[in-house]
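Within every chain, numbering begins at 1; the chains are lettered A, B, ... in the order of the sequence lines, protein sequences first and strands thereafter.
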Amino acid sequence: MTDKNTRTRFAPSPTGFMHVGAARTALFAWLQAKKDDGKFILRIEDTDKGREVGGSIEHIIKSLKWLGLSWDEGVDIGGPYASYKQSDRLDIYRHWAEKLIANGRAYADPYSKEQLEDFRNQAKTQKKPFLYREFRPENPPAWDGTQPLRFKSEPKSYTWTDAVMGELHTGPEAIDDFIIIKSDGYPTYNFCHIIDDMLMNVSHVLRSQEFISSTPKFLNLYDALQIERPVLATLPYVMAINGNKKLGKRDGAKDILDYQKEGYLPEAMVNFLATLGWNDGTEQEVFTTAELIEKFSLDRVQKSPARFDEQRLLWLNGQHIRALSLDALSNIVSGKSVSADSSLEHLQPKSDQTSGLLSDLERSRDKEESDDNDFWPLSAKNTDETKKKQILALVQDRLKTLADLATLTDYFFAEPDINWSMITDNKQLSKLSKDEITNLLQASADELSKSDFDSESVQNTLNSLLEITGQPPGVLFSLIRIAVSWAPFSPALNDTLSVIGKETSLSRISSAIQANV
RNA sequence: GGUCUCAUCGUCUAACGGUUAGGACGCCAGGUUCUCAUCCUGGCAAUCCGGGUUCGAUUCCCGGUGAGAUCACCA
């Protein structure tokens with residue numbers, strides 16, 4: 001089912017990096033919009049100047065782009081309802097605030113902070129919950145913009161339907177007079193998000209569970225403004241890896257972009273986040289982003305919180321790495337394709353005529369970024385692409401993260417350090433005498449020197465070596481593998497030797513023989 | 001404390017009121033001529049407790065318990 005009128009938004013405040021919890025909220029809103037063939041909006045809620053952190057907006061944009069969550073309207077690209085940054089829209093909020101004043105639904109708060117504190121303490125000693133409206137001034141002064149402006153609520157019970165939680169109820173005690181414009185002139189979230197959602201025709205508001213208890217206040221405001229409310233959908237928390245708390249920055253929630261650096265695929269992260277609190281009812285675990293768009297629905301979103309399980313993310317990452325074509329994976333590990341979505345931009349030809357100073361700058365920045373995402377070991381720097389691809393094919397199944405590539409492949413490019421303890425610590429090899437080792441290595445070198453060194457020939461040679469030496473593979477193959485790679489593990493021996501090449505393989509075996517004397 | 005929400009293996013989850021409560025991650029064991037990984041096979045492991053409704057309850061109702069959220073001139 002598609003509904004082109006579906007408009008969802010992700011509306012973060014620019015208070016730092018984006019963590020997985022926020023990313024999942026963004027993802028679900030994006031999936032809903034994509035599924036309905038609607039629009040996805042990126043709005044910045046920067047009304048708390050005190051908490052703002054410089055560079056956050058760029059960071060959020062970078063994070064969303066990495067995940068491939070593209071937006072149709074937003075702070076950086078504009079759109080029919082620009083600006084998409086709340087600090088640019090103060091006049092709009094003031095206009096709607098004045099409307100509320102005119103209708104007798106908002107008033108200036110005349111109390112000082114001390115007086116307010118006093119009221120709170122009064123309520124506390126009476127063991128009653130504090131409600132500002134019980135202290136509502138009878139004749140509030142005219143609002144001159146220096147006092148906070150409060151919404152005059154109409155306490156009542158509400159029953160409403162949440163697209164995820166189902167039917168929800170609250171009593172009148174959940175509703176109070178809340179501040180809509182602060183004394184610094186900025187609106188509060190409680191007020192301006194409602195105005196913006198209305199003006200921007202947002203059809204579905206998806207947000208995390210912490211907002212569920214303030215929803216009755218929003219409902220009261222919708223009523224006062226006489227606006228139709230959007231579909232409300234409450235997403236369960238993503239819980240921290242340890243403890244029973246919602247995932248937050250202080251509990252070690254990581255920057256979503258850290259996962260990029262650690263070698264996670266955006267598709268794996270998206271798959272992981274989507275199935276954290278949602279499933280399609282089948283036993284499918286691995287989804288492409290396109291499948292998620294097709295299958296996503298709010299009514300299958302879980303009501304209870306889900307724990308962030310890095311093991312599962314790691315597994316999914318492996319699944320997605322293996323599902324990639326060799327060419328695609330090759331581009332990604334070389335830093336040529338940041339994500340499926342932005343790859344198009346990278347492929348855009350840059351004409352030589354326009355290569356002035358600006359595009360030079362752009363080029364160097366692009367280069368920097370791609371170096372950031374080059375997962376090959378430094379030793380691979382001067383190796384040609386064909387060779388790298390051969391090596392990648394051997395290790396693709398072995399990668400849990402792209403970052404594993406460097407440690408898994410270094411010995412293909414650089415001479416490994418001889419570490420004889422790998423032989424003496426080996427259960428089978430430690431039984432061999434020095435001479436036996438030398439003889440085995442020498443026999444191997446002799447036979448291999450006659451091989452054509454394609455993968456199949458090497459295997460044939462290895463098989464005949466088993467016969468010649470009378471050793472089991474556990475001895476002979478282990479010895480050759482270690483002598484050539486000096487790595488704790490490596491791909492199949494014939495493939496490894498073949499890719500390393502005849503000359504290098506033989507010289508490494510001969511180095512091992514020399515080291516043995 | 002008031003208000004609100006949630007509750008199936010360790011974790012993510014499936015199950016028109018009828019299943020030996022299913023799958024996946026992880027873990028353990030075995031297999032694939034060395035190692036590591038992949039892949040395959042098998043194993044361990046759960047309906048928070050107590051009432052009710054019903055022929056029958058993981059599922060519906062009530063009450064506990066537990067966990068979480070929120071009660072800001074934060075979002």
Side-chain angles (χ1 to χ4, degrees), chain A residues 11-15 45-48 50-51 109 113 116 120 123-124 127-131 147-150 162 165 168-176 178-190 192-193 207-217 234 236-237 239 241 244-246 272 275-286 302-316 318-319 322 394-400 404 408 422 426 428-429 459 462-463 466 471-482 485 487-493 496:
Chain A
S13 60
T15 52
E45 311 218 318
D46 59 338
T47 57
D48 184 354
R51 290 205 316 159
D109 178 349
K113 288 201 171 171
L116 251 180
R120 284 207 176 88
K124 207 171 188 179
K127 296 200 168 177
K128 291 199 310 188
F130 170 72
L131 283 171
Q147 317 100 319
L149 186 68
R150 278 190 190 260
D162 183 285
M165 304 301 278
L168 260 20
H169 322 263
T170 49
E173 61 283 340
I175 291 171
D176 196 11
F178 57 92
I179 290 173
I180 58 177
I181 308 264
K182 297 178 275 183
S183 57
D184 66 359
Y186 282 90
T188 60
Y189 166 82
N190 295 334
C192 60
H193 91 270
R207 63 186 147 210
S208 154
Q209 213 180 356
E210 71 231 36
F211 292 100
I212 202 166
S213 48
S214 33
T215 302
K217 291 195 281 192
T234 298
Y237 287 119
M239 289 204 297
I241 295 165
N244 280 327
K245 284 185 293 185
K246 68 166 174 165
F272 173 72
T275 51
L276 203 59
W278 172 87
N279 72 83
D280 73 340
T282 72
E283 286 178 356
Q284 185 171 355
E285 306 280 344
V286 182
Q302 210 76 348
K303 290 179 175 183
S304 50
R307 192 174 298 274
F308 186 87
D309 180 6
E310 274 192 316
Q311 301 264 42
R312 195 180 149 75
L313 172 61
L314 197 60
W315 172 74
L316 275 170
Q319 294 291 316
R322 266 165 255 132
L394 296 188
V395 297
Q396 181 167 13
D397 282 356
R398 277 156 250 262
L399 297 175
K400 288 213 183 284
D404 294 340
L408 244 36
M422 290 190 66
N426 182 293
Q428 305 216 56
L429 298 183
Q459 187 59 54
L462 289 172
N463 285 340
L466 288 176
Q471 292 288 347
V475 171
L476 183 71
F477 290 2
S478 293
L479 185 61
I480 299 174
R481 198 184 66 72
I482 290 170
S485 72
F489 35 78
S490 59
L493 187 53
T496 305

| field | Check: A:I179 main-chain N/O paired with A:T188 side-chain donor or acceptor under 3.5 Å | value | yes

| task | With the side chain of A:E210 defined as its heavy atoms from C-beta on, choose the nearest nucleotide among B:rA69, B:rU13, B:rC74. | result | B:rA69

| said: Without decimals, in angstroms, what is the distance between A:F272 CZ and B:rU11 P? | reply: 14 Å

| said: Using whole Å, what does the distance between atom P of nucleotide B:rA75 and atom CZ of A:F211 come to? | reply: 9 Å

| query | What is the nucleic acid contact for A:T234, judged by heavy atoms within less than 4.0 Å: base, sugar-phosphate only, or nothing? | reply | nothing

| query | Taking the side chain of A:R312 as its heavy atoms from C-beta onward, which of B:rA24, B:rU3, B:rA75 lies nearest to it? | reply | B:rA24

| field | A:F178 backbone acceptor or donor facing A:D176 side chain under 3.5 Å | value | no

| field | Side-chain N or O of A:N279 closer than 4.0 Å to phosphate OP1/OP2 of B:rU13 | value | no

| query | Does OP1 or OP2 of B:rA75 have a side-chain N or O of A:R207 closer than 4.0 Å? | reply | no

| So what's B:rA29 paired with, Watson-Crick or G-U wobble, going by both distances under 3.5 Å? | B:rU41

| So what does A:H193 hit on the nucleic acid, given a heavy-atom distance under 4.0 Å: a base, only sugar-phosphate, or nothing? | nothing

| Donor-acceptor pair, A:K182 side chain versus A:T47 backbone, under 3.5 Å? | yes

| Parallel, tilted or perpendicular: which fits the ring planes of A:F308 and A:F272, with parallel below 30° and perpendicular above 60°? | perpendicular

| query | At under 4.0 Å between heavy atoms, what does A:P491 touch on the DNA or RNA strands: base, sugar-phosphate, or nothing? | reply | base

| request: Would you classify A:S490 as touching base, sugar-phosphate or nothing, given that sugar-phosphate means primed atoms plus P, OP1 and OP2, and contacts are heavy atoms under 4.0 Å? | output: base

| query | Base, sugar-phosphate, or nothing for A:Q311, non-hydrogen atoms under 4.0 angstrom? | reply | sugar-phosphate

| task | Please determine, for the side chain of A:F489, which listed nucleotide (B:rC74, B:rC36, B:rA69) has the closest atom? | result | B:rC36

| query | So what does A:M239 hit on the nucleic acid, given a heavy-atom distance under 4.0 Å: a base, only sugar-phosphate, or nothing? | reply | nothing

| Between the base of B:rC73 and the side chain of A:S183, is there any donor-acceptor pair under 3.5 Å? | yes

| message | Counting the atoms with a prime plus P, OP1 and OP2 as sugar-phosphate, which does A:L466 contact under 4.0 Å by heavy atoms, base, sugar-phosphate, or nothing? | response | base

| query | Base, sugar-phosphate, or nothing for A:T215, non-hydrogen atoms under 4.0 angstrom? | reply | nothing

| task | Could you check A:T282 against A:F130 and say which one's nearest nucleotide on RNA chain B is further toward the 5' end? | result | A:T282

| remark: Regarding the side chain of A:P305, the nearest nucleotide among B:rA75, B:rG2, B:rC6 is B:rC6

| message | With a 3.5 Å limit on both atom pairs, tell me what B:rU65 is paired to, counting Watson-Crick and G-U wobble, or say none. | response | B:rA7

| Separation of atom CD in A:Q319 from atom C1' in B:rG26, rounded to whole Å | 14 Å

| task | Can you figure out which of B:rC73, B:rA37, B:rU70 approaches the side chain of A:R398 most closely? | result | B:rA37

| field | Euclidean distance, atom CZ of residue A:R322 to atom P of B:rC39 [Å, nearest integer] | value | 5 Å

| request: Give one of base, sugar-phosphate or nothing for A:R307, where a contact means two heavy atoms less than 4.0 Å apart. | output: sugar-phosphate

| message | Pick the closest RNA chain B nucleotide for A:P129 and for A:P488 by heavy atoms, then say which residue is nearer the 5' end. | response | A:P129

| field | Closest to side chain of A:M165, choosing from B:rA72, B:rU3, B:rU5 | value | B:rU5

| note | Mate of B:rA21 across any strand shown (Watson-Crick or G-U wobble, both atom pairs under 3.5 Å) is none

| field | Nucleotide nearest A:D309 (side chain, heavy atoms from C-beta), chosen from B:rC25, B:rA75, B:rU5 | value | B:rC25

| note | A:R51 has its side chain closest, among B:rC6, B:rA75, B:rU38, to B:rA75

| remark: A:D184 CG to B:rA72 P, in whole Å, measures 18 Å

| message | Rounding to an integer number of Å, can you tell me how far A:K303 NZ sits from B:rA67 C1'? | response | 17 Å

| Which is true for A:D109 with a 4.0 Å heavy-atom rule: it touches a base, it touches only sugar-phosphate, or it touches nothing? | nothing

| query | Watson-Crick or G-U wobble partner for B:rG1, using a 3.5 Å limit on both distances? | reply | B:rC71

| Rounded to the nearest Å, what distance is computed from the CD atom of residue A:Q209 to the C1' atom of nucleotide B:rU5? | 6 Å

| field | Distance-only side-chain donor-acceptor flag, A:S490 / A:R481, under 3.5 Å | value | yes

| With rounding to whole Å, what would you report as the distance between B:rU65 and B:rA24 at their C1' atoms? | 30 Å

| task | Give A:G318 one of three labels, base, sugar-phosphate or nothing, depending on what nucleic acid heavy atoms sit under 4.0 Å from its own. | result | nothing

| query | Got a donor-acceptor pair under 3.5 Å from the side chain of A:N426 to the base of B:rU35? | reply | no

| request: For the pair A:K128 and A:E173, find out whether any cationic side-chain nitrogen is under 4.0 Å from an anionic carboxylate oxygen. | output: no

| Taking A:Y186 for the side chain and A:D46 for the main chain, is one N or O donor matched with an acceptor at less than 3.5 Å? | no

| message | Closest approach to the side chain of A:W315, judged atom by atom: which nucleotide of B:rC74, B:rC25, B:rU13 is it? | response | B:rC25

| request: Please report, rounded to the nearest Å, how far the P atom of B:rC12 is from the OH atom of A:Y237. | output: 16 Å

| Does A:T188 make a side-chain N or O approach to OP1 or OP2 of B:rA75 shorter than 4.0 Å? | no

| said: Between A:T282 and A:D280, is there a side-chain donor-acceptor contact under 3.5 Å, judged purely by atom types and distance? | reply: yes

| message | For a quick check of understanding: with a heavy-atom distance under 4.0 Å over all strands, which category does A:Q302 fall into, base, sugar-phosphate or nothing? | response | sugar-phosphate

| task | Looking at every strand, decide which applies to A:A492 at a 4.0 Å heavy-atom threshold: base, sugar-phosphate, or nothing. | result | base

| note | Among the nucleotides B:rA75, B:rU33, B:rC73, whichever has the atom closest to the side chain of A:K113 is B:rC73

| query | Does the side chain of A:Q428 come within less than 4.5 Å of A:Q471's, by heavy atoms? | reply | no

| field | N or O in side chain of A:K245 less than 4.0 angstrom from B:rA69 OP1/OP2 | value | no

